[in-house]
**Student:** 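Can you keep this structure in mind? I'll have questions shortly.
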Amino acid sequence: MTAYLGPAWRRLTEEHRSLGEKVCTLEAKIRAAGVDRGGHGSYPDRLLLDDLHRDAAVLRAELDLHSMWETDDLFPRLMELFCTPEGHIIVTSLWMLEKEHELADEFFDSFFQGVSGLKAGGRGAVLSRVLEDLMQAIRLVREHLEAEEELLLPLMQESLQLAGERG
């Protein structure tokens, strides 16, 4: 099991780095579109809206692949490794992480639907809501990544150190 942890730890940190960069880039583009923390903004041009849509789709696709690996491979192995009376804390934490991901998906869906509506001619308050939805999705993704790193990386690192001490 510990032979798995080293490559898994590297993959987790690399994918989180890549996702984090995409989150920062997308957030900067939303701000450039005129949205401040209060959700107020001016109507961005169609090219910027298309760019936001494309970047959000890339982020979501990468996030979905990352989540699939975690759910199908990483989390079950970690549950096996940390099968202890305290393991219920990990189970609860992993469940909460999954719920955060699902909520971010809802905001991504709302953003994509809103962009379709804008392209069909909608404007005004709809744009503000659409950009707020995307900002909310990426905020949740950022918090999700940070929570995973705070939970998983120390556990994995400690296990690797213990295995090194035993080996």
Side-chain angles (χ1 to χ4, degrees), residues 5-75 78 90 92-157 160:
L5 283 179
W9 188 83
R10 284 187 292 281
R11 178 176 177 177
L12 185 69
T13 56
E14 175 56 32
E15 288 183 9
H16 277 214
R17 183 198 57 73
S18 176
L19 288 164
E21 287 174 0
K22 286 178 176 55
V23 163
C24 287
T25 299
L26 193 51
E27 186 174 32
K29 287 181 180 182
I30 294 168
R31 293 197 191 292
V35 176
D36 60 21
R37 291 203 181 268
H40 305 292
S42 59
Y43 188 75
D45 66 27
R46 186 174 183 97
L47 290 176
L48 181 57
L49 198 55
D50 287 344
D51 190 41
L52 289 172
H53 186 277
R54 184 178 43 256
D55 287 355
V58 168
L59 172 62
R60 187 175 190 185
E62 191 173 317
L63 184 62
D64 287 345
L65 288 174
H66 175 73
S67 181
M68 192 178 335
W69 167 68
E70 288 177 334
T71 302
D72 296 344
D73 189 37
L74 180 64
F75 292 168
L78 291 177
I90 297 167
T92 302
S93 298
L94 294 177
W95 179 84
M96 290 174 61
L97 289 172
E98 183 56 34
K99 292 301 169 192
E100 287 174 352
H101 181 82
E102 290 172 9
L103 183 57
D105 275 345
E106 290 178 24
F107 281 104
F108 276 119
D109 287 341
S110 182
F111 167 74
F112 291 128
Q113 290 169 359
V115 168
S116 295
L118 287 170
K119 288 182 178 181
R123 285 189 175 234
V126 174
L127 172 69
S128 167
R129 183 188 52 78
V130 166
L131 294 178
E132 285 177 33
D133 286 344
L134 182 56
M135 189 65 95
Q136 190 73 334
I138 64 171
R139 183 189 61 79
L140 287 165
V141 169
R142 178 186 299 106
E143 290 173 1
H144 176 83
L145 294 173
E146 290 169 358
E148 275 188 2
E149 289 171 4
E150 289 173 6
L151 173 70
L152 299 178
L153 293 179
L155 286 173
M156 294 169 76
Q157 191 168 23
L160 285 167

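FYI, the numbering just counts along the sequence from 1.
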**Student:** Just how far is it from atom CZ of F108 to atom CG of D64, taken to the nearest 0.5 Å?
**Tutor:**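 Answer for the CZ-CG pair, F108 versus D64, is 8.5 Å.
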**Student:** Is any side-chain heavy atom of D55 less than 4.5 Å from a side-chain heavy atom of L59?
**Tutor:**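 Not in contact.
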**Student:** What is the distance from atom CG of L19 to atom CG of L145, rounded to the nearest 0.5 Å?
**Tutor:**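 Answer for the CG-CG pair, L19 versus L145, is 5.5 Å.
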**Student:** Are side-chain N/O atoms of E21 and T25 paired as donor and acceptor at under 3.5 Å?
**Tutor:**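 No - no donor-acceptor pair under 3.5 Å links their side chains.
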**Student:** Taking C-beta and beyond as the side chain, do R60 and V141 meet within less than 4.5 Å on heavy atoms?
**Tutor:** no
**Student:** May I ask you to decide if the ring planes of H66 and W69 are parallel, tilted or perpendicular, using 30° and 60° as cut-offs?
**Tutor:**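 Ring orientation of H66 relative to W69: tilted.
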**Student:** Given side chains that start at C-beta, do those of L78 and L5 come closer than 4.5 Å, heavy atoms only?
**Tutor:** yes
**Student:** Please report the interatomic distance NZ(K119) to CG(D50), rounded to the nearest 0.5 Å.
**Tutor:** 4.0 Å
**Student:** Among all residues two or more places apart in sequence or in another chain, which pass the salt bridge (charged side-chain N to carboxylate O under 4.0 Å, His left out) test with E149?
**Tutor:**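 E149 satisfies salt bridge (charged side-chain N to carboxylate O under 4.0 Å, His left out) with no residue once adjacent residues are dropped.
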**Student:** Please tell me if the side chains of L131 and L52 come closer than 4.5 Å, counting only heavy atoms from C-beta onward.
**Tutor:** yes
**Student:** Please identify each residue that fulfils side chain to side chain contact (heavy atoms under 4.5 Å, CB included) with E98, with sequence neighbours left out.
**Tutor:** S67, T71, H101, E102
**Student:** Quick one: do E148 and H144 satisfy side chain to side chain donor-acceptor pair (under 3.5 Å)? Show the steps, please.
**Tutor:** CA-CA 6 Å; E148 275 188 2; H144 176 83; 3.0 Å; yes
**Student:** Salt bridge check, R129 against D133: does any charged N sit closer than 4.0 Å to a carboxylate O?
**Tutor:** yes
**Student:** Rounded to the nearest 0.5 Å, how far does CE of M135 lie from OG of S128?
**Tutor:** 11.0 Å
**Student:** Measuring only between side-chain heavy atoms, which start at C-beta, is L134 closer than 4.5 Å to H53?
**Tutor:** no
**Student:** With the side chain counted from C-beta on, respond yes when I138 and F107 share a heavy-atom pair under 4.5 Å apart, and no when they do not.
**Tutor:**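 When only atoms from C-beta onward are counted, F107 and I138 do not touch, as no gap falls below 4.5 Å.
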**Student:** Please name all residues satisfying side chain to side chain donor-acceptor pair (under 3.5 Å) with R11, sequence neighbours left out, ordered by chain then number.
**Tutor:**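 For R11, the residues satisfying side chain to side chain donor-acceptor pair (under 3.5 Å) (neighbours in sequence not counted) are E15.
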**Student:** Any carboxylate oxygen within less than 4.0 angstrom of a Lys/Arg side-chain nitrogen, looking at R17 and E14?
**Tutor:**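 Salt bridge between R17 and E14, a charged N being under 4.0 Å from a carboxylate O: yes.
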**Student:** Looking at A104 and A137, what are the two nearest heavy atoms and their distance?
**Tutor:**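 The pair with the smallest heavy-atom distance is O-CB, 3.8 Å.
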**Student:** A side-chain contact here means heavy atoms from C-beta on lying under 4.5 Å apart; do L97 and E100 qualify?
**Tutor:**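 When only atoms from C-beta onward are counted, E100 and L97 do touch, with a gap below 4.5 Å.
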**Student:** Within a strict 4.5 Å, meaning less than it, do heavy atoms of the M156 and L74 side chains meet?
**Tutor:**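 They are in side-chain contact.
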